[in-house]
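As the structure lists them, so they are numbered: ligands from 1, and atoms in each ligand from 1. When a residue number appears, it is its place in the shown sequence, counting from 1.
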Amino acid sequence: MLIDGAAIAAEREKKVKLWTAEMRFYKTAPKFAAILVGNDPASELYLQRKDAQAREVDIEMVSVQMPSGASIEQVIAQIRQYNADPSVYGILVQLPFPSGSPPDQARRKILDEIDPAKDIDCLTSVNIGALTSGQPRFFPATVKAVLTAINAGMGNGAQMVDWKQVNGRWLSGKTAVVIGQSEIVGKPLAVALMNMGATVVSANEWTQELKSLTRTGDILISAAGVAGLVKSDMVKLEAMVIDVGMNRTERGVAVGDVDFAAVSNIASAITPVPGGVGPLTVISLMENVIEAVRNAQSTIANKK
Ligand code: NAD
């Protein structure tokens with residue numbers, strides 16, 4: 001089965017549009033802010049996609065691009081400005097930061113400046129902690145996208161799921177192998193899958209005998225950013241394969257981490273690249289903006 005992320009995202013888009021229309025009817029304008037430090041072309045492209053998706057569903061995205069040499073204080077000042085702005089419901093810092101700027105130890109400090117109530121991509125320590133303890137405030141958009149893809153691979157199509165309500169045994173008895181341990185994708189994904197009952201194997205670039213581990217996966221997720229990493233002999237027969245990777249060939253063609261042609265003969269369900277996890281991630285972010293607006297409104301209502 002092909003897990004058609006683009007088609008599922010298009011279905012979800014209709015729902016998000018209804019929500020934004022309803023919000024605007026009641027005089028609330030859903031809006032989020034994105035901060036980009038530097039001019040990494042991939043990050044610029046990701047932000048353009050988010051902006052295009054936001055326009056499509058009638059959410060406003062404001063963005064600021066800061067030079068790669070921006071100081072820690074400047075980035076923090078920008079975050080604080082958005083924290084203080086009640087018309088901004090969500091804040092996103094587009095990662096990765098440019099290499100070496102800001103220094104590694106300052107990055108956590110910067111991200112932790114985001115108001116956790118506006119932290120729509122789960123970048124703050126507070127929200128990562130909440131996710132880890134099984135009480136997520138927001139799921140990182142890519143994590144939500146992968147969960148949605150897994151659900152579709154189980155035959156549930158574009159079904160909307162409130163992942164916070166999912167029983168911790170949803171994936172019990174299943175082994176999920178996650179390749180990649182980054183702070184923004186692999187690690188939170190492994191944690192979320194654990195909280196949903198899966199037996200999780202988490203691999204990184206130094207993992208030995210990767211093939212013998214990946215072959216144990218009923219669900220195999222690759223988020224390494226290495227084109228052609230997952231070959232057919234690394235996949236268990238009838239496994240579900242979710243490809244988070246987004247790489248460019250020398251000719252500029254977008255490809256994932258998985259050898260799609262070969263692996264699709266073995267997998268029970270598989271996501272393509274492009275058109276798989278990517279569009280699901282962007283629509284998941286929009287859903288998180290809606291959630292942030294609703295949370296903000298109920299906080300105000302509770303105070304009254
Ligand atoms: P990253 O570079 O921060 O982390 C990569 C991880 O993969 C690291 O833990 C590294 O140790 C591991 N890794 C690298 N080579 C490996 C190998 N040969 N074997 C096993 N593990 C290996 O990257 P990231 O930010 O987590 O992104 C990963 C990929 O996902 C990239 O291609 C990125 O473009 C893509 N991405 C896609 C989406 C989406 O929505 N589709 C969102 C975010 C990231």
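A cation-pi geometry, defined here as NZ or CZ lying under 6.0 Å from the six-membered ring centre and within 45° of its normal, holds between R294 and W19.
Between E291 and K164 there is a salt bridge, with a side-chain nitrogen of the basic residue lying less than 4.0 Å from a carboxylate oxygen of the acidic one. Contact check on D218 versus K236 returns a salt bridge, with a Lys/Arg side-chain nitrogen under 4.0 Å from an Asp/Glu carboxylate oxygen. Checked for salt-bridge contact, D58 and K17 miss the test: no charged N lies under 4.0 Å from a carboxylate O.
Residue N204 has at least one nitrogen or oxygen atom sitting less than 3.5 Å from a nitrogen or oxygen atom of ligand 1, judged on distance alone. When only interatomic distances are considered, the shortest N/O to N/O separation between W206 and ligand 1 does not fall below 3.5 Å. The shortest N/O to N/O separation between L210 and ligand 1 does not fall below 3.5 Å.
At least one heavy atom of V244 sits less than 4.0 Å from an atom of ligand 1. At least one heavy atom of G245 sits less than 4.0 Å from an atom of ligand 1.
Within the model, atoms CG of L229 and CD1 of I179 stand 5.0 Å from one another, a figure rounded to the nearest 0.5 Å. Distance CG/L189 to CZ/F139: 10.5 Å, rounded to 0.5 Å.
The closest heavy-atom contact to atom 25 (O) of ligand 1, among the options D243, L285, I184, T142, comes from I184. Of the candidates E205, Q181, R49, E183, it is Q181 that places a heavy atom closest to atom 9 (O) of ligand 1. In this structure, of A224, G278, S182, P279, the residue bringing a heavy atom nearest to atom 24 (P) of ligand 1 is S182.
Atom 32 (O) of ligand 1 has its closest protein heavy atom at M246 N, 2.9 Å. For atom 34 (O) of ligand 1, the nearest protein heavy atom (residue, atom name, distance) is Y46 OH, 3.0 Å.
Note that atom 11 (O) of ligand 1 has protein non-hydrogen atoms nearby, at separations under 4.0 angstrom.
In this structure, Y26 shares a hydrophobic cluster with F25, the cluster being traced through Ile, Leu, Val, Met, Phe, Trp and Tyr side chains under 4.5 angstrom apart.
With sequence neighbours left out, the side chain to side chain donor-acceptor pair (under 3.5 Å) criterion links K50 to Q94.
With a 4.0 Å cut-off on non-hydrogen atoms, D257 does not touch ligand 1 at all. The residue T207 has no part lying near ligand 1, judged by heavy-atom distances below 4.0 Å. Residue contacts with ligand 1 for N247 involve side-chain atoms from C-beta outward but no N, CA, C or O (heavy atoms, distance under 4.0 Å).
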